[in-house]
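First up is the structure itself, then whatever we jot down about it.
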Amino acid sequence: MLQSFLSHSSALMYAGGDFLLKTMFLRGFSGSLHLILLLGLLVSWACKRIRARRNGVGSKESRRRSRIWYYKPTLICCLGLSVFNLVLCVANYFYWYANDWSEEQLVSLLDLALKSLTWGALGVCLYSQSSDFGVSKFPLLLRVWWGFYLSISCYCLVIDVVLYGKPVPVRTRHYISDIVSVVTGLFCCYVGFFGKIEIDDDLLEEPLLNGNLVASNAELRKRPGSETVTPYSKAGLLSIISFSWLSPLIAVGNKKTLDLEDVPQLAPWDSIVGALPGFKKKLESDAGSSNGVTTFRLVKALIMSEWKEIISTAMFELLLTLASYVGPYLIDTFVQFLNGQREFESEGYLLVLAFLVAKLVECLSFRQMMFRLQLVGIRTRSLLVGLIYDKGLNLSCQSKQGHTSGEIINFMSVDAERIGDSCWCMHEPWLVLVQVGLALAILYKNLGLASIAAFAASLLVMLANIPMGKFQEKFQEKLMESKDKRMKATSEILRNMKILKLQAWEMKFLSKITELRNIETGWLKKFVYTQAMASFVFWGAPTFVSVTTFGTCMLLGIPLSSGKILSAIATFRVLQDPIYALPVVLSMLAQTKVSLDRISSFLRLEDLQNNVVEKLPQGTTDMAVEIIEGNFTWNLSSPEPTLKDINLKVSNGMKVAVCGTVGSGKSSLLSCLLGELPKISGTLRLCGSKAYVAQSPWIQSGKIVDNILFGKEMNCERYESTLEACCLKKDLELLPFGDQTIIGERGINLSGGQKQRVQIARAIYQDADIYLLDDPFSAVDAHTGSHLFKECLLGLLHSKTVIYVTHQVEFLQTADLILVMRDGKITEAGNYSEILHYGADFMELVGAHEKALAMLASRQAGPDSEASGVNNENSQTENTVEKEAKRNVQDGEVRAKGQLVQEEEREKGRVGFLVYWKYITTAYGGALVPFILLAQILFMLLQIGSNYWMAWATPVSEDMEPTISGSTLILVYVALAVGSALCILFRSSLLATAGYKTATILFNKLHLAIFRAPMSFFDATPSGRILSRVSTDQSALDLSIQFIVSGFAFSMIRLLGVIILMSQVAWQVLIIFIPVITTCVCYQQYYIPSARELARLVGVSKAPVIQHFAETISGSTTIHGFDQESRFRHTNMELSDAYSRPKFHVAGAMEWLCFRLDMLSMVTFGISLIFLISIPEGFIDPAIAGLAVTYALNLNMIQTVVIWNLCNMENKIISVERVLQYTGISSEPPLTIEDNCPCPTWPTRGEIAISDLQVQYAPHLPLVLRGITCTFPGGMKTGVVGRTGSGKSTLIQTLFRVVEPCAGQILIDGINITSIGLHDLRSRLSIIPQDPTMFEGTVRSNLDPLEEYYDEQIWEALDKCQLGDEVRKKEGKLDAAVTENGENWSMGQRQLVCLGRVLLKKSKILVLDEATASVDTATDNLIQQTLRHHFSDCTVMTIAHRITSVLDSDMVLLLDDGLVAEYDSPERLLDNKSSLFAQLVAEYTMRSKSSFGN
């Protein structure tokens, strides 16, 4: 019945007007309908342009308040339909091109072209104008057109189904086209007639393609990065799949240079702030305690913290693997289809659909897997950084001695980074089994039992990994150990660069770094050449497996057809990835295991004892501090305690002074009260909060106000009174930014006195209950010291408990309790009058002080000057700090740009070609580069040639006779395969050589530039910035950049090879390649500005993390002293997140680009396949066409890899750019001048003649020394005095040419010091600096770093400086260990070591810069006696706050505001009662004799 109905209907239709049923009419009417819409869109666009020019831009706000429901799916539908019709148009064109044309076919082609243009134009219109079409719905005319479109589409489909039941190729295409048209028509009508308004509150989902809408929306809604959470946290499914949530950021980056505030914050679950507490709980619950952390437990905790992402990425990996084998599985069927063996008519289209769906699943899975694995890596790195920071903050002193800050920085900057980067390969070990299993299944289907040979060959290749992996693990471990040692030495050198330059030691220490680097490069060379061998073995592995398999087929008599061979080759190529990746994975796993072992061993180190101090709440007892039978030691393995039998009770509000000789245990007593000193036995109780002032000032990089507040809220009244008491008001008034002035690293742009006063202000502002002050007045002059004591200790802290260490006897009289220490014991205790009569040790200290005062009194002219000095004390104190502040303004610390320490400078815009050129031509002038490229080209040619040979030489089907014998087939294939493998060996070896050589040369250039840089560079550059270049950036140069740069070149060669091969099959494919590659390049150009700046932000954001960590380690005692651990942990987490933010968005941006490139590659692949199935049978060789498809299967990957490598190269080359940036630092004047070298005995007399010396720290700053003229006679002692800031230190720096004079000259024995080399000058002078410096090593290496003296001479120097007995007590004597910064020596002992150095050197000119500030009066007197005895015939310049240190000088130079105020013998100056020197002496005498309590 149905059949008769259809026949009847057909007859009626033909009878009524058969033209309505003709294809020409249907396609012509459809094309006309689309042409009308296209013209309408053009007219609408022209009208809007005219209106916009008349009325201006208009309000952007109103156009973006709403968005039509299903706007985005509609947009994608339009663009998708345009692409679909374009593909059909091209396919029909190629099909009909090979056959006869007809009018009907031309009309159909025109219809498809008009459809493609119209839907594309509509999509562009929707995309560019958003919801501006109307208020609530799409425009009426557009909706009416959609109705017509649906009607004609349904009509066409009905005609096709009813009238043309017989399937023919052309009709099949019409079926597909009409079905798609009906579905899209239904969707458009539904959206057009039933859609609603959707409020556009956010930008979480953006269109697939970027444009003006995204950019303008991003600009409209742009907020600082600190306020915006990444759109990824709320992105929809489509946005997550297409990574469109990144579109706003990329659009902003394309319009302006991205800054950190443009980068959104991480989602709470990705932030370390939210993740670390839970992770630590998991780890501690598993390990029992932090000291029980093993590598296994650490890995387990990391896995448990990321288990959701790990499972999801495993699923994506599995999908990716399954999809990647669909192509090889179907390739034989495809070749047979091209050969004419077709099971049903539409088989070709189904094959194309299967290929495309598999490729789509593969692309989507790969993109999501890669992004999520990188996200896991970022989180893992952040968690490890948090753990390492917490551990570093809580390390015991003994643990710190074994692990210096340089090593711990490596844990954070290298090991944690490596573990994070290695997360991409976490699934590879189990996934390789799945991949091999699938490959064997496909091979068994095609080749039968020969697949066993393939399995055996694959297994053999994988087993070869085991020894290579072990070698790589060993070399990596050794490489990291040697890197640690180098970084430790580098960080210590950077901290002490000033003393190295003053002593002319910098090149010696550079040679030490070079020696350490030579050890490192020895392991690096072994590592990179092992990698090269692995590359050779595993690039040749697929060829080896295929040769084995095909050879077995010949032996077993298994017939080979081109389809089966191509399927096998495609399978081997897919299998190549896991086999090739295996050595890389094993190497990465080896590196990761080494890093995990290192971190877990660090986490197992001993923490500070948490039971040393029993803390009681304020008010629970009258006793502030109580120690009962306390024994404490720095070294728990030492039989002798550091502090012995300590019994101490301090009531609330008491002032306790601690005094004693150098090394008696004063600072250790304060350390035990802070809980820093491990307790052996006894009880220690503290009641209330505490504040601490260290002997060596610890100042954080940052604003002065932040250093003083130190985490407390601002209380203006308390803040002002604190500044007043600490004499800081004048300093701040004279600084251009006041208390907002940024302090450089370690307070580099403050004087010693200012740093100490900022420290004291920090403690006072805390309003603590107990104050622990470690010799706080040693770094300030007499006036300021008196003022601080009166206003702070006796003023603001009058009701507080204060325990202070001091060497100044004048500050002892007001103490409620004085503790005298010797050899770690409290030998005497009581108030001043009590112990003055019976205390032998105390009498020794006071006696030395009285002796100094007696000498002073004998030289004074009379009492009048004393009164005048005392009466003017307050005004003079103000004058002192005012001049000190002036000096710091003038010192050049506040540069032209404003602050001394600027945000790290980063290059902007495109990385210049010069950077690439310098990199590739560094090693051997780039001579190896052409050979590397030639080897890759030959490899590609031979590889394609071998596969071409196999496809061409074997029959297409098994029933055809082979034209070439099996032995010839295999022999030629083996020859070509061996040739390609040798090319890889050659290429890998040359690449390893070039990369290693380049890294070594750039390392040497970088370090030479740093060591030769002037001190102004180190003053303005935090060491974290330098360390990030010599650690992270240098690691990139050592291990990765050569592979990234070469990877781009190699992938480009592979892409060209595939394009050439495919164009040999059908040159028409180039028509698709050209626009697709052009679009890819456009996308890359659109993406790269954002990616490049994000990569730079990653580099810039890393230095603050390292810098903060380094500061925390050096100031951990102060942080513990203020109980500020939690605040510093939080700051570290914020800095870590600030580093993770750009890193997270770099990962997302890369996948944003790759997703779009994958989609474009799929278009190329799909059109190529449609073309191949559309051409008539016999038009091309099926085997060669199959070979082209075999390579095209990887086309999307190769095309993506090319662009990815290009972008990755531009991102990673920034490490080279950063290194080259520092190689261009301006250097100091030459170390030696060959034509003007002084004679070896110079200077013989030591006369220093200064003539009209003018010095300024920068051309735009005022003069600091304003025309000094004087002569220091040879062999005489000259004391240089003056208020703080008068120019004393500048004069010394000019003498050593740390600062160059801008006018005038200094002659030493008649030679102008600017005319000779720096080393010739500095090596002939000696200095004992204000800050005593010791380096990690031994006593011998600290006294004689240049190894110029015998042991007998060193012992003699030690005895002269009163340290001989102390060193003899130590195990190892001269080889006794000195820890980092000399932490296991007291400050006074370090000062004596500096004295020992000059005694060894015996220079004719000696400079003492506050050399005795850290020692007691008795030791000071001994030092002065030693100097008088051993330097009697030398010129000695002494800068001192203690007037007694300069009284026995032959001459006194008094500087005032950069000018010579007085210059005469001390006797004559004291005779003149009105002289400034006489007033200084009077003030010192009055302070020493006064009782501050009165």
Side-chain angles (χ1 to χ4, degrees), residues 691-710 712 718-735 737-744 746-768 771-797 802 804-806 808 811 873-889 891 893 1115 1118 1121-1122 1283-1286 1288-1289 1330-1331 1410 1413-1414 1441 1487 1492:
Y692 172 65
V693 175
Q695 188 174 14
S696 297
W698 179 75
I699 304 293
Q700 264 192 290
S701 299
K703 296 174 183 174
I704 292 175
V705 63
D706 294 335
N707 267 279
I708 295 173
L709 297 183
F710 208 56
K712 283 269 188 180
R718 182 166 186 79
Y719 183 70
E720 291 298 320
S721 63
T722 301
L723 294 181
E724 189 72 49
C726 297
C727 311
L728 283 170
K729 278 209 160 187
K730 290 287 182 184
D731 299 75
L732 299 182
E733 285 172 10
L734 290 169
L735 290 170
F737 297 93
D739 62 2
Q740 300 297 311
T741 299
I742 292 176
I743 303 173
R746 303 186 306 280
I748 201 77
N749 48 331
L750 298 179
S751 70
Q754 283 175 320
K755 283 190 277 190
Q756 193 68 286
R757 285 185 281 124
V758 168
Q759 261 210 136
I760 295 169
R762 174 171 63 204
I764 290 172
Y765 187 80
Q766 294 301 303
D767 194 22
Y771 284 81
L772 307 173
L773 314 179
D774 195 352
D775 201 8
F777 311 115
S778 61
V780 296
D781 58 41
H783 312 289
T784 312
S786 302
H787 181 90
L788 290 172
F789 191 81
K790 282 172 121 177
E791 299 298 323
C792 297
L793 263 74
L794 305 181
L796 293 178
L797 303 181
V802 183
Y804 61 98
V805 171
T806 185
Q808 285 122 313
F811 294 139
E873 183 177 323
N874 287 337
S875 63
Q876 286 160 346
T877 302
E878 287 184 10
N879 188 39
T880 297
V881 297
E882 182 172 344
K883 286 178 180 175
E884 184 176 358
K886 268 186 188 174
R887 200 267 306 170
N888 281 285
V889 174
D891 263 9
E893 277 92 35
T1118 300
F1122 287 88
R1283 308 291 186 191
T1284 307
S1286 57
K1288 305 185 298 294
S1289 293
Q1330 183 174 2
D1331 297 323
E1410 304 288 358
S1414 301
H1441 287 145
R1487 187 188 76 167
F1492 288 98

Identified side chain to side chain contact (heavy atoms under 4.5 Å, CB included) partner of C792 from the options V693, I764, T722, V802: I764

Pairwise distance CG(L773) to CG(L797) - rounded to 0.5 angstrom: 7.5 Å

Counterpart residues, side chain to side chain contact (heavy atoms under 4.5 Å, CB included), relative to D767 (two or more places apart): R718, K800

Residues in side chain to side chain donor-acceptor pair (under 3.5 Å) contact with D739, at least two apart in sequence or another chain: Y719

Contact check, side chains of Q700 and D706, non-hydrogen atoms, under 4.5 Å: no

F811 to Y804 - nearest heavy-atom pair and separation: O-OH, 2.6 Å

Least distance between heavy atoms, Q695 atom then D775 atom: NE2-OD2, 3.8 Å

Positive for side chain to side chain contact (heavy atoms under 4.5 Å, CB included) with C727, one of E791, Q754, H787: H787

Interatomic distance, L723 atom CG to Y765 atom OH [nearest 0.5 angstrom]: 10.0 Å

Minimum heavy-atom distance N707-G702, with the two atoms named: ND2-O, 4.1 Å

Interatomic distance, L732 atom CG to I708 atom CD1 [nearest 0.5 angstrom]: 6.5 Å

Contacts of Q766 that satisfy side chain to side chain donor-acceptor pair (under 3.5 Å) - sequence neighbours left out: none

Distance in Å, L794 CG paired with L788 CG, rounded so as to fall on 0.5 Å steps: 11.5 Å

Closest non-hydrogen atom pair between P697 and K755, with its separation: CB-CB, 3.8 Å

Min side-chain heavy-atom separation L728-I704 under 4.5 Å: no

Test item: W698 and R762 side chains (from C-beta on) under 4.5 Å apart, heavy atoms: yes

Where L796 and S721 come nearest, the two heavy atoms and their spacing: CD1-O, 3.8 Å

E724 side chain vs K729 backbone, donor-acceptor pair below 3.5 Å: no

Nearest atoms (heavy-atom pairs only) where F1122 meets A691: CE2-CB, 3.6 Å

